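Below is one structure, written out as structure tokens, with a few remarks after it.
The chain is numbered in sequence order, starting from 1. All of these numbers come straight from a predicted model, not from anything done at the bench.
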Amino acid sequence: LTDSMASDSLQYFLFLVLISQAINPWIKECFCTENSRDRCNEIERKSLLQFKESLSDPSGRLSSWTGESCCKWKGVTCDIKTGHVVKLNLRNPFPQTFDPTPESFDGNGMVYELSGKVSPALVNLQHLSYFDLSMNNFQGTQIPGFLGSLTRLKYLNLSGASFAGKIPSSIGNLSGLHYLDLNSYTDEPD
């Protein structure tokens, strides 16, 4: 090789090294993002299934909650990099009234309200920042105190969900909340 060809080859090699270093994070991000969309934290997946089992779901709104990929389940959003559950949006899509004593129907007689008990298994969703159970029918049960341990919550909406009783003092632990809605909450004596 001549000195000129060796110099050109070295420059070309250095150019390739610099380019690969510059695009490597981008390539890594693309592959990581694509794979993480399907990945689901196993503990969080099992916790969501326990939560589902504690609910009555007459319309089958949670019917997609099967399989290994909880990040694809309806109402569940995961962080695209880590696969942790960050959002649960289970708002009733067909609310009829703020007083859901008559069951909420979609006009065709289908009950869309979730009811039952909010499972303490949700305490394992430590990356949860958004939780909406509004316009469902929890039939006068108390707001679960364990929600106060979900300290990353920024949004909590329990409005029109027929919770009653004392608001747990542990809710005061949610110092990062930007939005809290307990509209139509009934503070009935124990």
key: Shortest non-hydrogen contact between L90 and G75, atoms and distance   = CD2-CA, 4.4 Å
query = Can you name the salt bridge (charged side-chain N to carboxylate O under 4.0 Å, His left out) partners of K46, sequence neighbours left out?
reply = E42
query = Taking only residues two or more places apart in sequence or in another chain, which ones pass ring pair (Phe, Tyr, Trp, His ring centres under 6.0 Å) with F51?
reply = none
Ring pair (Phe, Tyr, Trp, His ring centres under 6.0 Å) partners for Y179, two or more places apart = Y155
ask   = Do V85 and L128 pass the side chain to side chain contact (heavy atoms under 4.5 Å, CB included) test, and can you show the C-alpha distance, the side-chain angles, and the key distance before you say yes or no?
value = CA-CA 6 Å; V85 175; L128 194 65; 4.1 Å; yes
ask   = Please walk me through it: do L55 and F138 pass side chain to side chain contact (heavy atoms under 4.5 Å, CB included)?
value = CA-CA 9 Å; L55 297 175; F138 289 93; 3.7 Å; yes
request  = Examine distances only and state if a side-chain atom of D57 and a backbone atom of R61 form a donor-acceptor pair shorter than 3.5 Å.
outcome  = yes
task = Step through the shown structure and confirm whether more than 12 heavy atoms of other residues, nucleotides or ligands are within 6.0 Å of CG on L180.
result = yes
ask   = So which heavy atom on G140 is nearest to which on A164, and how close?
value = O-CB, 3.6 Å
message = Restricting to side-chain hydrogen bond (donor to acceptor under 3.5 Å, both in side chains), what partner residues turn up for N41, sequence neighbours left out?
response = none
key: Separation of T77 OG1 from L88 CG (nearest 0.5 Å)   = 8.0 Å
task = First locate atom CD of Q139, then atom OG of S56, and finally report the distance between them rounded to the nearest 0.5 Å.
result = 7.5 Å
query = Is L153 linked to I167 within one hydrophobic cluster, defined over Ile, Leu, Val, Met, Phe, Trp and Tyr using a side-chain heavy-atom separation of less than 4.5 Å?
reply = yes
ask   = Taking all atoms of both residues into account, what is the closest heavy-atom pair of Q50 and A121, and its distance?
value = OE1-CB, 2.9 Å
key: Residues which pass side chain to side chain contact (heavy atoms under 4.5 Å, CB included) with T151, listed by chain and number, not counting sequence neighbours   = none
query = Passes side chain to side chain contact (heavy atoms under 4.5 Å, CB included), E44 versus Q126? Steps please.
reply = CA-CA 9 Å; E44 294 175 355; Q126 286 299 307; 5.9 Å; no
ask   = Quick one: hydrophobic cluster around V86, which other residues, with the 4.5 Å side-chain cut-off, linked directly or via members?
value = none
task = List the atom of S149, the atom of V123, and the distance in Å for their closest heavy-atom pair.
result = OG-CG2, 3.0 Å
task = Output all residues satisfying side chain to side chain contact (heavy atoms under 4.5 Å, CB included) with P120, sequence neighbours left out; order by chain, then residue number.
result = F146
ask   = Side-chain contact, heavy-atom cut-off 4.5 Å: L133 with L156?
value = no
ask   = Taking it one step at a time, do N183 and S159 satisfy side-chain hydrogen bond (donor to acceptor under 3.5 Å, both in side chains)?
value = CA-CA 5 Å; N183 196 6; S159 65; 6.0 Å; no
Sequence neighbours left out, cut at 3.5 Å: what donor-acceptor pairs do the side chains of residues 169-177 make with other protein atoms?
residue, atom, partner, partner atom, Å
S170, OG, G145, O, 2.5
N173, ND2, S170, O, 3.4

inquiry  = It should be assessed whether the SG atoms of C71 and C40 lie less than 2.5 angstrom apart.
reply    = no
Heavy-atom pair of closest approach, residues S115 and N137 = CB-O, 2.8 Å
Residue list, side-chain hydrogen bond (donor to acceptor under 3.5 Å, both in side chains) with S134, at least two apart or on another chain = R91, D132
key: Worked verdict on L122 versus F131 for side chain to side chain contact (heavy atoms under 4.5 Å, CB included)   = CA-CA 11 Å; L122 291 182; F131 190 33; 3.7 Å; yes
Where at least one partner belongs to residues 58-77, residue pairs that pass ring-ring contact (aromatic ring centres under 6.0 Å, His included), sequence neighbours excluded = W65-W73
request  = Find the distance between CG (L158) and CZ (F163) and round it off to the nearest 0.5 Å.
outcome  = 5.5 Å
inquiry  = Within this structure, what is the NZ-OG distance for the pair K52 and S119, rounded to the nearest 0.5 Å?
reply    = 13.5 Å
key: Q142 side-chain N/O to K166 backbone N/O, donor-acceptor pair under 3.5 Å   = yes
key: Joint hydrophobic cluster, L182 plus V118, side-chain heavy atoms closer than 4.5 Å   = yes
ask   = What residues, two or more places apart in sequence or in another chain, satisfy salt bridge (charged side-chain N to carboxylate O under 4.0 Å, His left out) together with E53?
value = none
ask   = Any donor and acceptor pair, going by atom type alone, linking the side chain of N136 with main-chain N or O of L114 inside 3.5 Å?
value = yes
